[in-house]
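The next block holds one structure in the form of structure tokens; read it before the comments.
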Amino acid sequence: MAFGWIDEQAAARRRARLVRTLRPRPADSPLLDLASNDYLGLARHPEVVEGAAAAARTWGGGATGSRLVTGTTELHGELERELADFCGFEAALVFSSGYAANLAAVTALAPHGSLIVSDAGNHASLIDGCRLARGTTQVVAHADPDAVRKALGTHDGPAVAVSDTVFSVDGDAAPLAGLAGACREHGAGLVVDDAHGLGVLGAGGRGAPYAAGLAGADDVVVTVTLSKSLGSQGGAVLGPARVVEHLVNAARTFIFDTGLAPASAGAALAALRLLGREPERAARAREVATGLHARLTAAGLEAVRPDAAVVSVRAPSPEEAVQWAADCRAAGLFVGCFRPPSVPDGISRLRLTARADLSEEQIERAVRVIGETRP
């Protein structure tokens, strides 16, 4: 039977209790949200919503084509200029998603004969970029510049190291200065995904590369998403102008994909401008994360110290993690649940996101619910 193997895999997932399901949420959900990536609380901010609405009224509902045909509007160019300027880079290129931006950066910057050195904890989009690239990939120990240095030392041709800046599972930060140093010793480039750093780390939320003194470096390329701190949709690659020009000509997820919808570009631009006026939002997100961690550990829970806005709470097993998250929802709290195969270390956990707009009462309530529902 066609696709009969799908039934076999479905049965295996059910036996392992690893079935994923969609849970559509209403527009006015009563749940306290610690699961989304809306770190700065901007997704529903009136200025961001109006930015999306105004762009849709002006440019229509869709970009109408690929960026190289009709899909580049003046709004896209405006967003790219302001994003590059905010983060301290020479140029930026906007994509339809952060996933597409990562695929573009890795595949276009790792041609045949090159070496890609990839952190073992990297996001799936970076991993997929490595798989699609024509270069050879070597996976190295997590957050270990010496391992990167050793891998680069085995290769004589073009090379690039690839890493998240803030890892999405435990929220720990990569040693960016050390990685850059290892790359420079071997003339290699550094590509980092700042999806969880933009808006949270660096002066006024300018990102982890900015905080590490790497913004604007001619050997550093940064990818970001517009769907987390900026409360919108889409992604971008930041770096030297010649790298961006190369991506325009060589990145398949740019050339053959419809451009980002104007509403998303308008929302992201409005959020970026809002963050520029209210840089304290970044510090507040970090403060909330630190507060969550302190309260959770004081309650006897095993929580990982956050380097940005992600707080991870370990669970005894995949089954208990799923039940724990369900019990939190029943008690009015929405938390993330990470379990195999989504976690590289095989350890299941609740994943909490610290939003800048959370009140102290909401933080206390979240900790109370998590503690009361623990397995």
Side-chain angles (χ1 to χ4, degrees), residues 6-26 29-39 119-125 127 141-143 164 166-173 195-196 228 285 288-355 358 361-375:
I6 290 179
D7 299 328
E8 297 173 6
Q9 290 198 359
R13 281 193 293 270
R14 286 193 296 271
R15 287 193 298 271
R17 298 185 180 180
L18 294 176
V19 175
R20 291 170 169 81
T21 57
L22 295 174
R23 296 186 181 89
R25 60 180 174 85
S29 173
L31 299 178
L32 174 58
D33 175 20
L34 265 72
S36 76
N37 291 317
D38 186 18
Y39 295 133
D119 188 289
N122 278 344
H123 187 265
S125 55
I127 294 171
H142 177 54
D164 287 4
V166 177
F167 294 89
S168 61
V169 174
D170 275 335
D172 56 317
H196 299 277
K228 294 180 171 58
V288 171
T290 301
L292 273 171
H293 175 263
R295 289 170 170 85
L296 290 165
T297 52
L301 294 160
E302 186 181 356
V304 179
R305 184 179 299 278
D307 287 328
V310 174
V311 182
S312 174
V313 184
R314 301 293 177 90
S317 69
E319 296 83 3
E320 287 169 304
V322 171
Q323 188 60 53
W324 197 357
D327 291 343
C328 285
R329 282 196 303 275
L333 176 67
F334 195 5
V335 298
C337 176
F338 278 28
R339 56 204 170 103
S342 298
V343 288
D345 57 9
I347 299 173
S348 298
R349 66 264 277 167
L350 299 186
R351 180 182 179 276
L352 317 178
T353 51
R355 297 202 329 270
L358 289 177
E361 185 278 330
Q362 289 173 318
I363 295 171
E364 291 287 355
R365 175 185 160 198
V367 172
R368 183 176 65 254
V369 169
I370 293 168
E372 290 174 351
T373 57
R374 76 175 77 182

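In this text, all values refer to a predicted model and were calculated from it rather than measured experimentally. Hydrogens, waters and symmetry mates are skipped; everything else that's a heavy atom, side chains included, is used.
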Please tell me if the side chains of V367 and L292 come closer than 4.5 Å, counting only heavy atoms from C-beta onward.
yes
When rounded to the nearest 0.5 Å, the distance separating CG of L358 from CD1 of I363 is 5.5 Å
Is the distance between the ring centroids of F167 and H196 under 6.0 Å?
no
Looking at every non-hydrogen atom in both residues, tell me the closest pair between S168 and H123 and how far apart they are.
OG-CD2, 4.0 Å
Atom CD1 of I370 and atom CH2 of W324: how far apart are they, to the nearest 0.5 Å?
7.0 Å
Could you give me the CA-CA distance, side-chain angles and deciding distance for R351 and V335, then say whether side chain to side chain contact (heavy atoms under 4.5 Å, CB included) is met?
CA-CA 6 Å; R351 180 182 179 276; V335 298; over 6 Å; no
Applying side-chain hydrogen bond (donor to acceptor under 3.5 Å, both in side chains) to E320 and not counting sequence neighbours gives S317
Could I get the full list of side-chain contact (heavy atoms from CB on, under 4.5 Å) partners for V322, not counting sequence neighbours?
C337, R339
Rounded distance [0.5 Å steps], CD in Q323 versus CZ in R374
16.0 Å
Side chains of D172 and H142, donor plus acceptor under 3.5 Å
yes
Sequence neighbours excluded, the answer for side-chain hydrogen bond (donor to acceptor under 3.5 Å, both in side chains) partners of S36 is D33
Going from CG on L34 to CZ on F334, what distance comes out if it is rounded to the nearest 0.5 angstrom?
10.5 Å
Can you see which heavy atom on G171 is nearest to which on V166, and at what distance?
O-CG1, 3.7 Å
So, using salt bridge (Lys or Arg N to Asp or Glu O under 4.0 Å) as the criterion, who are the partners of D119 when residues are at least two apart?
none
Output the distance between atom CZ (R355) and atom OH (Y39), rounded to the nearest 0.5 Å.
12.0 Å
For D307 and A173, the nearest pair of non-hydrogen atoms, with its separation, is OD2-N, 2.7 Å
Report the C-alpha distance between L352 and V313 in whole Å, list the side-chain angles of each, state the deciding distance to 0.1 Å, and finish with yes or no for side chain to side chain contact (heavy atoms under 4.5 Å, CB included).
CA-CA 8 Å; L352 317 178; V313 184; 4.0 Å; yes
Closest approach of A309 to A289 (non-hydrogen atoms, all atoms of both residues)
CA-CB, 4.0 Å
Check the pair V169 / R349 against side chain to side chain contact (heavy atoms under 4.5 Å, CB included), numbers first and verdict last.
CA-CA 9 Å; V169 174; R349 66 264 277 167; 3.2 Å; yes
Who are the salt bridge (Lys or Arg N to Asp or Glu O under 4.0 Å) partners of R314, not counting sequence neighbours?
D170
Tell me the closest heavy-atom pair linking D164 and G121, and the distance in Å.
OD2-O, 4.2 Å
From L296 CG over to L350 CG, what is the distance, rounded to the nearest 0.5 angstrom?
9.5 Å
Any residue meeting salt bridge (Lys or Arg N to Asp or Glu O under 4.0 Å) with R329, in chain and number order, not counting sequence neighbours
none
Is there a donor-acceptor contact under 3.5 Å from the side chain of T297 to the main chain of H293?
yes
